Amino acid sequence: MGNPMKIRAANKDGVTEVKVLVSHEMETGQRKDSAGAIVPAWFITELTAKHGDKVVLTSEFGPSVSKNPYLAFKFKGGAKGEKVTVSWKDNKGDSRTDEAAIN
Amino acid sequence: MNFKFALFFGLTVAVGAPAFAQKAVEAPGGKYAKEAEQMFRTSFKAENPKYWMTRLEQDETMKTCQQYRDNPPRKIGEKLEKLNAATIRYPVDGKLIGDWKEGEKLAAVGTGGHIGFIQPDPAGRVRGGNCYACHELARKEVAYGTIGPSLSNFGKVRGKDEDTIKYVYDKIYNANAFTACTNMPRFGLHNWVTPEQITHIVAFLIDPESPVNRD
Amino acid sequence: MIRRLMKTLVGVAVFSAFAGGVAAQDSKVADELAKYREALADGNPADLFEVKGESLWLEKRGPNNASLEQCDLGQGPGKLEGAYAALPKYFKDTGKVMDVESRLVHCMMTLQGFTLAEATRQWYSKPGKDSDIEALVTFIGAKSNGKPINVPATHPEEAKMAKMGESIFYRRSGPQDFSCSICHGQEGKRIRLQDLGNLTTKDGAGFAMKTWPSYRVSQGTVWTMQRRLIDCMRQARWPEPAYLADSIIALETYLQKTATGTVMETPGIKR
Amino acid sequence: MNNQRRTVLKSGSGAALLGMLAAAGIITPGIALADWNKAAFDAKSMADTLKALGAGTPADSKDVQVTGPDIAENGAVVPVGVASTLPNVSMVAILIEKNPNALAASFVLPEGTEANVQTRVKMGQTSNIYALVKSDGKFFMATKEIKVTLGGCGG
């Protein structure tokens, strides 16, 4: 499930800029815990953004994307009040979807 | 001679300026200083082993520096400097300049010696000199601090005669022998680095082949 | 002695000759660092903690199945605006000077019925184990954003705490001879590339205190002021202070008093 | 892989099937899209990564930019981005030469999405960062070095 994302979407001159903050550990699988054991990799593998029903971005992440990932991108179109939906899934099969209205 | 005096005076004023104001300054904590010390001592987790707790003990230098906010009157400062000069020990073989490559490594390492339960250093972690935290050294390292003066080209500027080598060794071993209540840790006194390791840091500063003097 | 002094002076003169190049390199480094910090500021993961903190504040929890909405952080029950900026503060009901965290824990115990151990078990995050207290303090702190820090320490107990904090600030001990003042008692210095505020002045203390709680990118989590100061003691190579210990609250009182009047900009984001 | 995904997304029956599975609670929509390019993310060297991405030996292009500071105060969070003025950019990726696995992230950009994506990555040490861009079916690349610096108290 994870914690809620923070999604900001703002339209300016016909282009919508989307900024997403995701709450996720993004564990590399290379770090050792205090007992010296490797902490298994745990990271978001895919993140998809939609404007209404239209996919506007699909991303694939490796474990070297920072903890609590940040992503910003722009697409043409989008009007005030319309929805941007962001979904992610991680390598453990966990997933989450949140949405925000365009400003 | 006059020129020398003027320089000397200028430097003294620059370094000592806050000292003039300090007569009116009370010891930190004022009338609550004693109570603050008691409170501080009882603020640590009960699980801290006894030998960790010894790190809270203060020698005369530490106590005096706290009392004067690191700016003791000259007379008291001189006394502390003498006291600290007497602590300096040298390697058995008497050689005060070692291998600059080893010194270069020590200068960059800032870990070691962390205790506690949250993020302690793993056992056996190298304790470095952490020189770059406060000093500019080799030019290629841009992430240097400015708490201490720049030491880049130190050897080029100061030379490599015996006096200079001894001065650098002594300074790293116990900087309070030169300036009472300096910010610089007394690396040798606390056995933070060994006398041999100090000779390597000396070499890093003075050896003409060291990056401190080459770029 | 004079010989050494002359050597120093010659050294200073020669060093100055190199200073031109150094300055140019330094300003480029400063520019790039500013760029780095600016890029992080838009999109501060602390915002995620703030959102979580708000839901934890409202959620009915603990043996009493109660929310924290009636918690009095010094401005009256449930009044959050500006509360963080006015802490630490003397509280009549406990007879103690309390900071935001000790007061929050007090509310978790009195309102929600948690024991001290339950309330503080996860006072800071570990990878994979988020801390409720970090989230709650981020939320409470954000409610003081734009408000001036206001800890005049006029109550005798507050004044005493500030004084004791000052004493601890200058206290030197440990294998590196450290005190807070070693790094934070002078103007315009930095350690490695991190700027060090002079915490004995309003500007310096204000610059530091206004941004906490803050997201630490090197730690991947928000640090509260307790966490910040307890870690300062770790860096001083001292033993570990107890969470909510009086000496930490004393330091906070000293720093907030010095910073009083500075407008809060929280949550911050730092290295 | 991307072609495959698009086919699935485009085809009506595919979408219907996904919907059915999701409704039945067998899979979540996220998992249904799974075709994470394991080979590319597992590759160690730059060359192997480019090969796994089907990018071959991309030409250097000044119409591709790696955005980011020259210096990172901490390697755990380094803001980087890819931008390009090339036409019909359908995919961009960020590669970090000296990381254990070079590929950090890749992005498929449908028509209408600008070739301008920013994220934050971990860097184990000072390294060259590469931006890879697919424009009109061809791959282009740009690079910049980001210096990772150590922090103050050595912690």
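Quick caveat, the model's predicted, so the values are computed rather than measured. Order of the sequence lines fixes the chain letters, A, B, ..., with proteins taken first and strands second; residue numbering starts at 1 for each chain.
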For the side chain of [X] and the backbone of [Y], is there at least one donor-acceptor N/O pair under 3.5 Å apart?
X	Y	value
B/R55	C/R237	yes
C/R192	B/A143	yes
C/D246	B/M39	no

Pick one of side chain, backbone, both or neither for C/D231, based on which atoms fall under 4.5 Å of a heavy atom in chain B.
->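 Contact with chain B involves the side chain of C/D231 alone.
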Segment of C/L251 engaging chain B (4.5 angstrom heavy-atom cut-off) =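 Neither part, no heavy atoms under 4.5 Å.
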Who among [options] has the most heavy-atom pairs with chain B under 4.5 Å?
options	value
C/A242, C/A245, C/C183	C/A242
C/P241, C/P239, C/S173, C/S247	C/P239
C/E166, C/K189, C/R172, C/K126	C/R172

Give a yes or no on whether a salt bridge exists between C/K163 and B/E35, defined as a side-chain N under 4.0 angstrom from a carboxylate O.
->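 Here C/K163 does not pair with B/E35 in a salt bridge, since their nearest N and O are not under 4.0 Å apart.
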Distance from [X] atom [atom1] to [Y] atom [atom2], nearest 0.5 Å?
X	Y	atom1	atom2	result
B/F40	C/M233	CZ	CE	5.0 Å
C/R227	B/I118	CZ	CD1	5.0 Å
C/D177	B/N174	CG	CG	8.0 Å
B/W52	C/W238	CH2	CH2	16.0 Å

Which residue out of B/G116, B/A36, B/S43 racks up the most heavy-atom pairs below 4.5 Å with chain C?
->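 Counting heavy-atom pairs under 4.5 Å, the top option is B/S43.
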Just checking, any donor-acceptor pair under 3.5 angstrom between side chains of B/H190 and C/Q176?
->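 No pair is found: no donor N or O on one side chain lies under 3.5 Å from an acceptor on the other.
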Does one side chain, of C/Q219 or B/Q119, offer a donor that lies under 3.5 Å from an acceptor on the other?
->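 Yes.
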Using non-hydrogen atoms and a 4.5 Å limit, figure out which bit of [X] sits close to chain C: side chain, backbone, both or neither.
X	result
B/R127	neither
B/E37	side chain
B/T61	neither

Do you know the tightest heavy-atom contact between B/V142 and C/V29?
->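 In this case the closest contact between B/V142 and C/V29 is CB-CG2, 4.0 Å.
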Do C/R190's NZ or CZ and the ring of B/Y144 fall within the cation-pi criteria of under 6.0 Å and 45°?
->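 Output yes; distance and angle both within limits.
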Would you say B/Q58 and C/R171 make side-chain contact, with heavy atoms under 4.5 Å?
->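 Touching, per the 4.5 Å side-chain cut-off.
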